Every structure is written in C-alpha cells, then in structure tokens.
Amino acid sequence: MNVNLTLPYSYDFDRALERLAGNPVHSVNLEQRCVHVPMDEGNIVTVQATGTLYEPSFIIKGVYSEKQLDHIKWVFHFEESLDGIAVHFSKTDLAPIFKEHLGTPLVRSFSLYGELMKSIIHQQLNMSFANVLLMRFVEKYGSEIDGVWVYPEPERIATVPVEELRELQFSTRKAEYVIGLSQAIASNVLDLESLREKSDEEVTTELTAYRGVGPWTAQGFLMFGLGRANLFPVADVGLQNALKKLWQLDRKPTQDEMRARFQDWSPYLSYAALYLWRSIEVSPMK
DNA sequence: TGCCAGGAATTGC
DNA sequence: GCAATTCATGGC
C-alpha cells in the first residue's frame, strides 16, 4: 500500500538524502527525492519527498503493514520535531551551523547489524577507501533486491574465513572483528534487537565487551542504529576537524577540550555531532 | 612522499 | 594506569 504523510514541523528530506547518499550501500535518487529502504520482510519500501522544508510531506510506497509504516516513521524520525532542538542550539556556539543545516534529521540505520558492520569497516580508514571495502563486503556476501543492496545475514559472515576477507583488503584484525561479532549475533549470544530497550550505558557495556567494538563504535551504534539523542564520539577525527574549524584552532582539539565545551549542547549531543559532520561535508547540491 | 584516515587492541614502562 | 605502537591500505 501507499501512504501519504504530512508533518507539522520543518524537516529537510533532501538534506537527509544527501547524507544517506554518502553510504554507497544506500539506493538514493536525489533528483526524484527518494530512497529505497529494504525491509526485514524482504520487500523494498520507497520514501519520496513531495513537500518542502517548512511544509514537509511524503509518499511512502510499498509498505505491507502498519508495522512496516511505524518502522519507516521510526527510521526517519518522522514523529519528532526538530524545531525544539534548533531552538536549543540557537543559544550556543553551534547556532550558525544549525541555521545553515536547519531541518536536517538524524536518520536511523536501515539495519542494526549493517550499522555495526559499517562502523567496524570504517574504523581508522579514510571515507572513500572505507566505502570501497564496505561495498566489496556487501556485494560479495549480501544480496540485491530490485537493484537495492541489502547487508548479508550475520549467519553468513559467521562462516567466512579470515583469509577470504583479507582478499577484499580487510586487515586481519578487522576481519576477525567482523567475523567474531557476526558469530556472536548468529548464535544469539548477542541480540541486537534487545538493545532497543536498554539504556545507553547498558548498550555500551554490552557491545564494548566484543573485540573490535570500542567507544567510537558503540556511540555510533547508539546514535545512528538506535537514534539516541545524546552521544558525542570524541574519538571521531571528523568531529575533531569540524571543531578545529569552528573554534579556529591550529590543531585538532583534545578529547578533554571537547568534553569541557560540549555541555551546552546536551541533551542533544548527537545532533551537535550530526550537524558538525555536515559542516565539513561537501554538499553535492551546491 | 610521508602523514593521515568518521579506531581499537596490544605492548611497554 | 597510561602512552606508544601496531594494524593495512588508499588518499591527498
């Protein structure tokens, strides 16, 4: 079925699409203002913008059920206003950045498992090479439904030998991280769905117990996987560079310097991080 | 051409 | 306990 949706507050779907397009696994069409979302049930849902920043409306095509529609609303944060958050930041040093990127939402990952795999693959690598590795991973082990790439099942990756990922140019350690975590998930030792109900602290403790998951990866999972509002990954080089630029430093800020100054942004640290990343990303629309 | 990259584990003192 | 080193390879 197709559903029309109108929001009573500002929401910039085109900016959301720009960010989604940064991940080559995603199927985004900027001209048609839409993205294709693979669902757990195996179908593909298309979300397309039909409105504007201040009068946002959408058509959601191909949802099977009310449950699927709720999931789409959850993924795109359709039922929470960004306007209050923008007001919060208007009183901080991030005001110019929030004005520039007004209405940019925190879109959740389409797959919790995919978010974890992506995070580990991206660790310590420049974006372009990290995305090459990610696409090799998805093309080799994932599937393609109607032209839309879908992350593999953890059960598949759990059986992959380290040497096979080495052929894709994974480091040995990175291969071990990806396989080990997939084994834990496939064997139900780690239940990603259950993390939805747990606190930020509980999720961090549970995830960082695994090799390959440190603070940065756990915070990224909370922010983009679960959509939690108050995380700021101080280990992130992109955020360090964004703050170097904002604060006009001649070097990257230390993690302590970042923590000392981000209290004003709480309880929306995730949005501060999101908008800071945007502030140093080149916009293909401009 | 080295240094750096949307880190994390391991080693060394 | 910490700081330094290692991991692997492409990008600039």
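The chains referred to below are lettered A, B, ... by the order of the sequence lines, with proteins before strands, and numbering in each begins at 1. Keep in mind that what you see is a predicted model, and the values were worked out from it rather than measured.
Put simply, NZ on A:Lys244 is 14 Å from C1' on B:dA5, counting in whole angstrom units. Per the geometry, CD1 belonging to A:Ile120 stands 13 Å off P belonging to B:dG7, to the nearest Å. The distance between atom CG of A:Leu165 and atom P of C:dC7, rounded to the nearest whole Å, is 19 Å. Rounded to an integer number of Å, the gap from A:Gln169 CD to C:dT9 P is 6 Å. In this entry the distance linking CD1 of A:Ile280 with C1' of B:dA5 reads 12 Å, nearest Å. If you measure from atom CD of A:Glu163 to atom P of C:dA8, you get 13 Å, rounded to the nearest angstrom. We find that CG of A:Asp236 is positioned 17 Å from P of B:dC4, with the value rounded to whole Å. Taking atom CD of residue A:Gln123 and atom P of nucleotide B:dT10, one finds them 13 Å apart after rounding to whole Å.
Among the protein residues, A:Lys118 comes within range of no part of the nucleic acid, since none of its heavy atoms lies under 4.0 Å from any strand. Looking at heavy-atom distances under 4.0 Å, A:Pro215 makes contact with sugar-phosphate atoms alone, never a base. Within 4.0 Å (heavy atoms only), A:Arg136 reaches no atom of the nucleic acid at all.
With salt bridges taken as basic N to acidic carboxylate O contacts below 4.0 Å, one links A:Glu257 and A:Arg251. For A:Arg259 and A:Asp256, the salt-bridge test passes: some basic side-chain N is under 4.0 Å from an acidic carboxylate O. Looking at A:Arg19 and A:Glu281, a side-chain N of the basic residue comes within less than 4.0 Å of a carboxylate O on the acidic one, giving a salt bridge. The existence of a salt bridge linking A:Glu18 and A:Arg278 is confirmed by a sub-4.0 Å separation between a basic side-chain nitrogen and an acidic carboxylate oxygen.
The shortest distance between the side-chain N/O atoms of A:Thr217 and the OP1/OP2 oxygens of B:dA8 is below 4.0 Å. For C:dT9, neither phosphate oxygen OP1 nor OP2 lies less than 4.0 angstrom from any side-chain nitrogen or oxygen of A:Arg173. Of the side-chain N and O atoms in A:Asn241, one or more sit less than 4.0 angstrom from OP1 or OP2 of B:dA5. At C:dA8, one or more side-chain N or O atoms of A:Thr172 fall inside 4.0 Å of OP1 or OP2 (strictly under the cut-off).
Comparing A:Gly238 and A:Gly212 against DNA chain B, the residue whose closest nucleotide sits nearer the 5' end is A:Gly238. Summary of the strand contacts: A:Leu125 and A:Thr208 both lie near DNA chain B, and taking for each the nucleotide with the nearest heavy atom, the more 5' one is attributed to A:Leu125. Comparing A:Phe170 and A:Val132, the nucleotide of DNA chain C nearest to each residue sits closer to the 5' end for A:Phe170. Nearest-nucleotide assignment on DNA chain C puts the 5′-proximal partner with A:Ser171, out of A:Ser128 and A:Ser171.
For B:dA5, its base sits under 3.5 Å from the side chain of A:Gln124 at one donor and acceptor pair at least.
Ring pair A:Tyr151/A:Phe110: centre-to-centre distance not below 6.0 Å.
Nucleotides C:dA8 and B:dT1, compared at atom P, are 25 Å apart to the nearest Å.
Using a 4.5 Å heavy-atom threshold, the side chains of A:Glu55 and A:Thr52 count as touching.
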